[in-house]
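One structure is given here, and the rest of the page talks about it.
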Amino acid sequence: MSGTKKTENPSEERAPRNFLEEIIDNDLAEGRHKTILTRFPPEPNGYLHIGHAKSITVNFGLGQKYGGATNLRFDDTNPITEDTEYVDSIKQDVQWLGYQWKEELYASDYFENLFEFAIKLIRDGLAYVDDSTSEEIAALKGTPTRPGSDSPFRTRTPDENEDLFRRMRAGEFPDGSRILRAKIDMSSPNMLMRDPVIYRIKHAHHHRTGDQWCIYPTYDFAHGQSDAIENITHSICTLEFMSHRELYNWFIEKLELFPSRQYEFARLNLSYTIMSKRKLLQLVNEKHVDGWDDPRMPTISGLRRRGYTPKSIQEFCARIGVAKRDNLIDVSLLEFCAREDLNKIALRRMVVFDPVKLVITNWPKGKVEMLESENNPEDATTGERSIAFNGTIYIERDDFMEDAPKKYFRLSPGASVRLKSAYIITCEDVVKDDSGTVTEIRCVYHPDSRSGSDTSGIKAKGTLHWVSTEHAIEVEVRDYDRLFRVENPAEEEGDFLDYVNPDSLTVFPKAYAEPALIDDANEAAASGKIPHYQFMRKGYYYADTSSTSDKLVFNQTVGLRDTWAKMNK
RNA sequence: UGCCCGGUCGUCUAAGGGUAGGACAGCGGUUUUUGGUACCGUAUGUGGGGGUUCGAAUCCUCCCCGGGCAACCA
């Protein structure tokens with residue numbers, strides 16, 4: 001052993017894998033399983049967010065990697081909060097992310113099985129009906145540092161318990177009057193083993209089983225058994241379920257079920273946002289955002305509406321890794337993944353957000369010239385488009401500066417810049433109104449500097465995007481900033497709403513765009529394929545769901561990296 | 001103050017007794033008709049103390065720090 005180097009046989013070198021893959025490799029190597037089956041188990045009480053995307057890529061990714069499969073199972077054991085609206089959105093989001101489940105299942109599919117499991121525990125003297133109030137139960141539960149004590153109902157006979165439990169099912173008792181508890185150990189150091197509740201009475205309508213049931217199993221009594229019924233080999237959940245694992249195993253052992261095993265990983269936390277479904281719901285209900293799919297939301301539907309691609313989200317999930325330590329991922333990684341994908345697929349277009357007029361004084365009156373510009377320099381197969389140029393254009397207001405520092409590469413009096421895909425121009429004059437605001441910039445162009453056939457020898461440091469005033473169309477552009485002002489709103493003192501970023505949305509209601517966007521929109525309407533854009537020198541954009549051919553509306557997916565802005569900080 | 005987890009660059013994540021590596025972020029360059037992209041370079045890390053060992057991020061031990069656990073939520 002000593003002295004042998006790991007490099008002597010490269011094929012023996014371990015490929016880096018996360019701890020779940022190590023577990024699976026071992027299970028497979030030891031013959032514990034021949035293949036694997038995982039499951040993604042959302043509760044249909046809210047929309048999926050980027051944290052769920054991590055869980056989805058972990059579960060489905062493992063299923064794929066090992067040639068196994070993954071079930072989609074809705075954990076619908078609490079009818080009060082659950083709804084088919086959420087079921088539908090969850091299915092859509094999982095598929096949009098690019099995954100296909102083997103079976104679509106519901107914990108509620110197993111209500112009858114679960115009931116029988118409960119009867120078995122009762123017959124085996126391992127469960128009892130407790131008539132105590134929830135306060136009494138809590139009082140007898142003890143604390144993490146002090147053991148609990150037995151309920152006075154703990155010694156009921158199996159017959160009595162079975163009778164009571166069947167009558168609970170029959171609807172003889174009101175909500176909260178009785179529960180079924182597992183009989184384990186009131187002095188266990190694990191609070192969850194202190195005779196946990198496994199069935200409660202809820203006279204509530206269930207989104208799938210309707211009014212068929214008035215007793216519902218708790219998470220602990222449903223999840224593991226559902227896994228076992230489906231022969232799930234690896235039941236992967238987040239860290240907060242760690243202490244549930246002992247209970248999970250107890251049920252499987254006592255009920256003699258398929259030995260599914262639970263493993264826990266650290267959930268995703270993303271900087272400058274929140275992941276709590278409850279808080280997300282509050283943002284929606286209190287109208288701090290436009291809905292679950294508001295482009296500022298960390299929901300899958302929000303990211304989709306904003307223009308994130310499934311590929312970029314998958315890549316993000318792959319890069320953050322899977323481990324057991326708490327984490328707070330820098331949102332810049334998500335943005336990097338978006339840019340990385342979008343750079344290769346986004347169509348380049350020119351849009352001027354905050355326009356100022358620029359007149360080329362030596363342009364032949366009435367002349368319109370068609371210029372060619374590449375749709376995507378990263379992908380020659382996307383070809384070129386024609387852009388009309390007639391000597392009077394809009395440029396961005398901040399692409400001009402009257403007193404410019406040396407490092408400023410854009411327009412200023414006497415300076416020359418390239419107009420993207422057009423000519424080099426030199427600024428000669430500025431027109432201002434009474435308040436000193438620039439109303440018109442006057443330039444000359446250099447006829448021999450035409451893009452692609454430049455013989456002028458003039459070197460322009462900067463290149464500006466522009467739109468012909470005559471041909472421009474008006475569009476609405478929405479830019480987004482982080483939803484919260486602080487890195488970790490969940491950790492902050494007081495109400496998380498106090499940390500909402502008031503400037504998370506900037507609307508440009510009348511931006512000027514090149515007319516190609518109209519053609520694109522028509523094409524998209526016909527093909528159903530909505531293109532991703534890069535508005536040059538601005539960022540990546542995607543048509544909003546509210547966009548129509550009469551009024552195009554674009555969401556900023558993510559801005560371009562901006563080293564100039566950084567220099568000026 | 002009980003039980004259970006965890007602690008490696010700023011942020012994530014590898015290294016399974018043998019050179020602490022990668023990514024993002026940062027910084028500095030080169031190229032560029034996007035201050036984009038691409039490419040190159042660069043700084044920054046094993047929570048602390050004791051052990052075991054020729055050798056420790058890795059094994060043992062004590063301590064420190066962070067998280068979870070007292071819903072008829074999941």
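Letters A, B, ... mirror the listed sequences (proteins, then strands); counts begin at 1. All heavy atoms count here, side chains included; hydrogens, waters and symmetry mates do not.
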Those residues that, when tested against A/Arg194, pass salt bridge (charged side-chain N to carboxylate O under 4.0 Å, His left out) (two or more places apart):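 In terms of salt bridge (charged side-chain N to carboxylate O under 4.0 Å, His left out), with neighbours along the sequence ignored, A/Arg194 is linked to no residue.
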Qualifying residues under salt bridge (charged side-chain N to carboxylate O under 4.0 Å, His left out), relative to A/Asp399, sequence neighbours excluded: A/Arg410, A/Arg537
I need the residues from [range] with at least one non-hydrogen atom less than 4.0 Å from RNA chain B; give them sorted by number, or say none.
| range | answer |
| --- | --- |
| residues 189-203 of chain A | A/Pro189, A/Met191, A/Val197, A/Arg200, A/Lys202 |
| residues 316-325 of chain A | A/Arg319, A/Ile320, A/Val322, A/Ala323, A/Arg325 |
| residues 327-336 of chain A | A/Asn327, A/Leu328, A/Ile329, A/Asp330, A/Ser332, A/Leu333, A/Phe336 |
| residues 338-350 of chain A | A/Asn343, A/Arg348 |

Glycosidic class, syn or anti, of B/A71 using a 90° window around 0: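 Syn, since the glycosidic angle lies within 90° of 0.
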Can you classify the ring geometry of [X] versus [Y] as parallel (below 30°), tilted (30 to 60°) or perpendicular (above 60°)?
| X | Y | result |
| --- | --- | --- |
| A/Trp213 | A/Phe115 | tilted |
| A/Phe74 | A/Tyr106 | parallel |
| A/Phe111 | A/Tyr216 | perpendicular |

Which nucleotide in the list [options] gets nearest to the side chain of [X]?
| X | options | value |
| --- | --- | --- |
| A/Glu491 | B/G36, B/C72, B/G67 | B/G67 |
| A/Pro16 | B/A14, B/U37, B/A74 | B/A14 |
| A/Met242 | B/U34, B/A70, B/C5 | B/C5 |

Aromatic-base stack, A/Tyr219 on B/A74, cutoff 5.5 Å, angle under 30: no
A/Tyr542-A/Tyr308 aromatic ring centre distance below 6.0 Å: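 Ring centres of A/Tyr308 and A/Tyr542 not closer than 6.0 Å.
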Centroid-centroid under 6.0 Å between A/His223 and A/Tyr219 rings: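 So the answer is yes for these two rings.
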Main-chain N/O of A/Val197 paired to A/Thr218 side chain as donor or acceptor, under 3.5 Å: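 Answer holds: yes.
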Check: A/Leu270 main-chain N/O paired with A/Thr273 side-chain donor or acceptor under 3.5 Å: no
Trace of the side chain to side chain contact (heavy atoms under 4.5 Å, CB included) decision for A/Lys538 with A/Tyr533: CA-CA 10 Å; A/Lys538 288 294 193 178; A/Tyr533 292 111; over 6 Å; no
Measure from [atom1] on [X] to [atom2] on [N] and round the result to the nearest Å.
| X | N | atom1 | atom2 | value |
| --- | --- | --- | --- | --- |
| A/Arg146 | B/C3 | CZ | C1' | 15 Å |
| A/Arg561 | B/U32 | CZ | C1' | 14 Å |
| A/Leu464 | B/U32 | CG | P | 18 Å |
| A/Asn488 | B/C12 | CG | P | 10 Å |
| A/His206 | B/A74 | NE2 | P | 10 Å |
| A/Asp379 | B/A38 | CG | P | 15 Å |
| A/Leu239 | B/G6 | CG | P | 9 Å |
| A/Ile23 | B/G16 | CD1 | C1' | 14 Å |

Under-3.5 Å donor-acceptor pair between A/Glu378 side chain and B/G36 base: yes
Quick one: is [N] close enough that its OP1 or OP2 comes under 4.0 Å of any side-chain N or O from [X]?
| X | N | value |
| --- | --- | --- |
| A/Ser243 | B/C5 | no |
| A/Ser271 | B/U11 | no |
| A/Lys566 | B/G26 | yes |

Residue whose closest nucleotide on RNA chain B lies nearer the 5' end, A/Lys54 versus A/Arg418: A/Lys54
Residue mapping more 5' on RNA chain B - nearest nucleotide basis, A/Phe409 or A/Asn18: A/Asn18
Residues in ring pair (Phe, Tyr, Trp, His ring centres under 6.0 Å) contact with A/Tyr272, at least two apart in sequence or another chain: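 Applying ring pair (Phe, Tyr, Trp, His ring centres under 6.0 Å) to A/Tyr272 gives none.
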Using the [atom1] atom as the reference point in each nucleotide, state the distance between [N] and [M] in Å, no decimals.
| N | M | atom1 | answer |
| --- | --- | --- | --- |
| B/U13 | B/G7 | C1' | 14 Å |
| B/G28 | B/G16 | P | 36 Å |
| B/A25 | B/U11 | C1' | 7 Å |
| B/A56 | B/C65 | P | 27 Å |
| B/U30 | B/G35 | C1' | 15 Å |

A/Thr463: side chain to side chain contact (heavy atoms under 4.5 Å, CB included) partners, not counting sequence neighbours: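 By the side chain to side chain contact (heavy atoms under 4.5 Å, CB included) rule, A/Thr463 matches A/Arg418, A/Lys420.
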Qualifying residues under side chain to side chain contact (heavy atoms under 4.5 Å, CB included), relative to A/Glu340, sequence neighbours excluded: A/Glu315, A/Arg319, A/Phe336, A/Lys344
Would you call [X] and [Y] a salt bridge, taking side-chain N to carboxylate O under 4.0 Å as the test?
| X | Y | answer |
| --- | --- | --- |
| A/Asp131 | A/Arg178 | yes |
| A/Asp227 | A/Arg73 | yes |
| A/Asp76 | A/Arg208 | no |

Salt bridge (Lys or Arg N to Asp or Glu O under 4.0 Å) contacts touching residues 39-48 of chain A (sequence neighbours left out):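 Listed once each, the pairs would be none.
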Side chain proximity check, A/Asp479 to A/Val477, heavy atoms < 4.5 angstrom: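 Side chain of A/Asp479 against side chain of A/Val477, heavy atoms only: contact under 4.5 Å found.
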Touch class at under 4.0 angstrom, heavy-atom based, for A/Ser188 against every strand present: nothing
Touch class at under 4.0 angstrom, heavy-atom based, for A/Gly452 against every strand present: base
Side chains of [Y] and [X]: any donor to acceptor distance under 3.5 Å?
| X | Y | answer |
| --- | --- | --- |
| A/Glu372 | A/Ser386 | yes |
| A/Asp330 | A/Ser332 | yes |
| A/Arg349 | A/Asn375 | yes |

Bracket string, RNA chain B, 5' to 3' - pairs by Watson-Crick or G-U geometry under 3.5 Å, | interstrand: .((((((..((((....[..)))).(((((.......)))))....(((((..]....))))))))))).....
Between protein and nucleotides 28-31 of chain B, what N or O pairs are separated by less than 3.5 Å?
none

